Amino acid sequence: MLVIKRIPIPALVGLVLTALFVLAAIFAPWIAPHGNAEIVSDVPWEPMSAAHWLGTDNLGRDLLSRMIYGARITLFIAVLATALSFSLGAILGFSAAVFGGWFDTLLSRLVDLLMSIPTLIMALVVLSVLPSNLVTLILVMGVLDSTRVYRLSRAVAVDINVMDYVEAAKLRGEGSGWIIFREILPNALSPLVSELGLRFIYAVLFLSTLSFLGLGVQPPDADWGGMVKENKDGIVFGIGAALIPAAAIAALAISVNLVADWVLNRTTSLKGGRG
Amino acid sequence: MPFGERIQAIALPAAALTLVVLAHMMRMTRAAILNVMQSAYVETAELKGLSAFAVIRRHAFPNAIAPIINVVMLNLAYLIVGVVVVEVIFVYPGMGQYLVDHVTKRDVPVVQAVGLIFAAVYISLNIIADIAAIVANPRLRHPK
Amino acid sequence: MADKQPKPGQPKPGQPKSGVLLDIRNLRIEATVYPPGEAPKNIVLVHDVSLTLEKGKVLGLIGESGAGKSTIGLSSMGYGRGGVRITGGEVILNGRDILKGGNEGFRKLRGREVCYVAQSAAAAFNPAHRLMDQVVEAALLHGTATRAEAEKRAVALFKKLSLPNPETIGERFPHQVSGGQLQRVMTAMALCSEPDLIVFDEPTTALDVTTQIDVLAAIKDAIRDTHVAALYITHDLAVVAQVSDEIMVLRHGRLVEWGGTRQIIKEPRQEYTNALVSVHEIEHQEQKPGPSPFLSVKNITAAYGRSHIKVLKNVSVDIFPGQTLAVVGESGSGKSTLARAITGLLPPEQGTVTFDGRPLANRLADRPKEDLRQLQMIYQMADVAMNPRQTVGTIIGRPLEFYFGMRGRERDKRVAELLDKIEMGKGYVDRYPAELSGGQKQRVCIARSLAAKPKLIICDEVTSALDPLVAHGILELLLELQKEENVAYLFITHDLATVKSIADSIAVMYRGEVVRYGPKSKVLTPPFDAYTDLLLSSVPEMEIGWLEKAIKGRRMASAGN
């Protein structure tokens with residue numbers, strides 16, 4: 001069905017890059033030339049060479065290997081956090097729109113409350129109390145992000161819920177299941193899919209920010225944000241090791257967005273992709 | 001620290017923060033104006049013979065203020081979060097740096113206090129923006 | 001077809017050439033469309049249309065949607081909406097070709113020589129400025145008057161257009177003034193800079209019928225007194241017959257027929273014009289009410305939310321098997337609310353709905369499936385009444401599955417039958433609603449409601465969003481289906497012509513109350529109550545001089561003017 005020729009070039013670039021990142025993450029132990037925490041050089045920040053393609057980091061570890069393992073950690077946490085925020089936000093948002101009444105009021109005020117504090121500040125406050133491990137990190141990121149998804153999906157669903165075709169389904173006597181999954185969801189999908197791409201990127205950036213501040217993934221493991229932090233002192237000496245993980249974050253953000261844009265374009269057509 | 005030096009110290013962090021917000025702000029403002037430019041009253045204005053600039057100034061802009069204020073509001077959150085990161089990067093001894101330091105030390109009372117101040121600033125800025133949006137709307141200023 | 005047409009509108013040999021204000025020659029207008037996933041392509045909106053308009057005369061441009069009438073009207077100001085471009089021909093105004101003037105030339109002309117009156121004045125006024133500022137804006141911009149002069153002129157125009165409080169209405173904001181009044185303020189705005197030509201783009205279409213007549217009369221008087229020329233664009237032949245000297249019929253961007261108003265409505269030469277003129281007539285014999293109604297609404301009172309304003313006050317009507325009850329009224333009369341009360345979407349505060357001799361539960365959620373099946377509904381906007389992500393087959397097939405448990409081949413067979421009933425082929429089964437025309441969409445909605453084999457179908461303004469000829473086809477289809485399936489209709493509409501052609505009994509609603517109710521022949525025979533009289537006398541008739549007669553004979557002022 002999917003002909004490669006018909007995919008526009010930006011989307012193709014996005015797809016290829018995203019696929020590369022994902023493959024690197026999945027097969028990290030087999031691809032990486034060295035171990036994650038393995039010190040391969042006595043000198044920190046060795047320049048790029050045939051032995052170490054991207055040079056070494058502040059402790060003399062192979063940067064390429066750490067980047068590959070970093071992709072694994074970054075993507076793993078971001079995917080789980082996004083999945084959590086999406087399932088939580090979308091289901092609650094749709095339900096609030098369809099059921100209305102006190103259920104809607106209660107949830108919406110709760111979300112307003114959570115959103116009235118900037119996400120990072122909220123996360124910092126929570127992380128200062130809870131133990132810092134992966135589960136906490138994913139939970140905090142997922143729940144905080146789900147407020148945005150809740151808002152969006154509720155707004156979209158409220159718009160769709162007043163359409164005549166939903167009223168027609170209610171008049172027919174359809175249950176909430178049919179209305180949510182067959183009438184509302186297919187029509188809410190395209191804004192949600194593009195939001196999914198955006199949210200995933202925000203999750204990556206948020207995780208990087210937290211790790212950069214030293215509150216995310218704890219050493220010796222490191223995600224890309226943490227690697228920027230580890231190597232940032234090198235910048236003063238003119239060593240660009242910190243720029244490599246930073247560039248990887250940017251590349252991932254752009255490529256996922258390119259794919260999300262393309263998916264959005266394809267799914268907004270109301271003629272079943274026929275023209 | 002004398003004033004001149006202080007400005008010098010602030011220049012780079014401020015520039016970094018501005019750049020981050022600027023792009024988003026420009027895109028959203030453009031979208032808001034474009035949205036208003038689709039409306040029938042802009043067509044009416046064009047058909048009165050107003051120049052493109054006059055149409056935007058007299059007819060599009062007064063109606064685009066509310067969405068633009070909204071954009072500014074959205075960006076306040078970015079700015080406040082941004083302050084924390086930027087202070088750490090530039091090793092600027094402000095509240096953001098202070099907060100992060102004490103989170104690592106798990107010094108909860110300090111974290112609570114600083115978090116509260118940040119939240120209070122953010123909420124009061126939001127309230128100001130909301131009020132401005134109401135003032136900008138003639139329907140709310142001049143009821144039937 | 002266009003070429004063979006005689007052109008009676010062109011200046012006769014004896015007339016001085018200076019009498020011609022607007023001369024459009026071989027106008028060709030194109031637009032570029034960007035279908036998703038395809039290369040952009042050019043479509044021609046107006047093919048080679050020519051017209052002339054003399055000073056102080058009114059030319060009516062008439063046609064269905066997509067006929068290119070607004071596009072032609074706007075071309076006289078050198079304006080194209082969206083990506084619309086004038087690609088050929090000449091537009092000569094006051095002796096010079098305005099298309100050669102460039103943007104600078106257009107700006108000098110707009111608001112000074114040619115002014116525009118839009119369809120929806122409510123959207124065409126800037127909500128952020130006072131009315132007076134907007135009315136005098138063009139005159140000040142072009143320097144034709146000082147502010148004081150322009151305001152004086154505006155007040156005089158407000159008076160002429162019989163607006164209430166002409167001295168102070170300019171101080172208000174658009175949202176503080178009703179739709180009919182705004183439309184007149186917009187006419188004043190167009191007249192304020194004393195242009196040579198005004199383009200009226202469906203100025204009364206969005207108004208209620210009793211308001212339309214006032215605005216129409218005001219516009220007509222203003223045109224006569226100021227000796228301005230006008231292009232009057234509308235889809236309603238009866239309206240245009242009241243105001244214009246000549247009529248031009250357009251279809252698909254081509255000229256169909258052009259002639260004097262009397263000739264067009266009395267002796268149309270083209271088949272299409274004839275169809276437009278005679279569109280209102282449908283043969284339908286009124287049926288006598290049966291022995292007992294199967295659905296009766298008793299003393300229903302309803303309000304939205306907790307508000308104390310009653311949208312329905314003590315409403316009682318009966319519906320007989322296989323017959324049509326038409327509910328007429330203007331916007332805000334509560335006619336759609338009546339439908340919502342009957343379907344259970346808005347539980348009434350008082351009163352009952354009896355169905356087959358037993359009371360129907362007030363709330364939708366309390367009604368058994370069988371009751372829901374018996375009452376089906378068709379909506380005004382067919383394109384939002386169907387889920388855009390479902391195919392026609394799913395849309396029609398779902399009630400079959402839901403009510404009768406039909407699956408697979410049995411269901412497909414029944415869907416094909418239903419498609420056949422609504423005169424659409426099997427080929428449409430896997431189409432999406434976006435791939436259908438307006439009339440086809442409404443037909444699919446009809447099929448969906450028929451699929452439930454209901455006793456009653458509520459039709460909420462089902463034809464008002466459609467072009468007259470398409471609407472006519474839908475009404476004929478509905479009547480035919482009524483005979484075949486013995487289904488009753490509750491037909492909600494504001495259009496009296498529709499009511500006359502399909503109703504068996506009529507209920508006239510005004511501000512939440514039924515003011516007149518009975519068999520069609522009785523309701524439409526005098527003596528009338530004041531409101532029914534107003535309503536009936538406000539429906540434009542295709543007859544020259546009707547407007548003056550109707551205004552003279554009125555006993556009651558309309559409410560929403």
Side-chain angles (χ1 to χ4, degrees), chain B residues 25-75 126-144, chain C residues 70 73-74 76-82 103-131 133-144 171-178 182 186 189-190 192-193 195 198-199 201 206:
Chain B
M25 210 100 123
M26 267 167 59
R27 274 201 72 162
M28 299 289 279
T29 309
R30 176 175 176 273
I33 293 267
L34 278 183
N35 194 16
V36 172
M37 292 295 278
Q38 309 260 321
S39 28
Y41 53 79
V42 168
E43 187 179 280
T44 312
E46 279 181 61
L47 291 176
K48 280 177 185 171
L50 268 72
S51 65
F53 182 71
V55 169
I56 292 181
R57 188 177 56 83
R58 276 194 47 76
H59 291 276
F61 186 66
N63 293 292
I65 289 179
I68 290 174
I69 291 175
N70 223 341
V71 176
V72 174
M73 212 162 79
L74 273 178
N75 279 303
N126 264 333
I127 290 175
I128 294 174
D130 276 347
I131 294 172
I134 291 171
V135 171
N137 188 341
R139 278 167 191 274
L140 297 175
R141 262 189 307 148
H142 306 274
K144 281 199 170 185
Chain C
S70 291
L74 285 169
S76 67
M77 316 176 78
Y79 190 82
R81 275 198 187 125
N103 276 335
E104 189 61 30
F106 289 146
R107 271 212 297 282
K108 289 210 174 106
L109 152 110
R110 294 174 188 162
R112 181 174 186 169
E113 284 173 88
V114 193
C115 288
Y116 181 71
V117 176
Q119 168 169 3
S120 166
F125 273 108
N126 192 329
H129 298 301
R130 292 179 195 278
L131 289 174
D133 293 338
Q134 303 189 51
V135 169
V136 300
E137 188 176 17
L140 297 188
L141 176 78
H142 296 291
T144 52
E171 296 302 308
R172 300 200 184 182
F173 282 89
H175 67 273
Q176 298 170 319
V177 177
S178 77
L182 270 186
M186 185 136 202
M189 178 160 88
C192 188
S193 46
I198 297 186
V199 179
D201 195 353

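All heavy atoms count here, side chains included; hydrogens, waters and symmetry mates do not. Residue numbers begin at 1 in each chain, while the letters A, B, ... track the order of the sequences. What you see is a predicted model, and the numbers here were worked out from it, not measured in a lab.
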Quick check on the interface: out of C:Arg81, C:Met186, C:Gln119, C:Arg110, who has the most heavy-atom pairs with chain B under 4.5 Å? C:Arg110

Under 4.5 Å from any heavy atom of chain B - which part of C:Phe125: backbone

Between C:Met189, C:His129, C:Glu104, C:Arg112, which residue shows the highest count of heavy-atom pairs closer than 4.5 Å to chain B? C:His129

Salt bridge (charged side-chain N to carboxylate O under 4.0 Å, His left out) contacts in which one or both residues fall within residues 57-67 of chain B, not counting sequence neighbours: B:Arg58-C:Glu137

Do you know which of C:Ala139, C:Ala124, C:Gly111 has the most heavy-atom pairs under 4.5 Å to chain B? C:Ala124

Might you point out which heavy atoms bring B:Asn63 and C:Pro127 nearest each other, and give the distance in Å? OD1-CG, 3.3 Å

Measure C:Arg172 against the heavy atoms of chain B and call it side chain, backbone, both or neither at under 4.5 Å. neither

Side chain from CB out, backbone as N, CA, C, O: work out which of these in B:Leu50 comes under 4.5 Å of a heavy atom of chain C, or both, or neither. both

Counting only non-hydrogen atoms closer than 4.5 Å, can you tell me which residues of residues 30-39 of chain B sit against chain C? none

Is there side-chain contact between C:Leu74 and B:Leu47, with heavy atoms separated by less than 4.5 Å? yes

Rounded to the nearest 0.5 Å, how far does NE2 of B:His59 lie from CD of C:Gln134? 6.5 Å

Go through C:Ala122, C:Ala123, C:Ser193, C:Ala138 and name the one with the most non-hydrogen pairs under 4.5 angstrom from chain B. C:Ala123

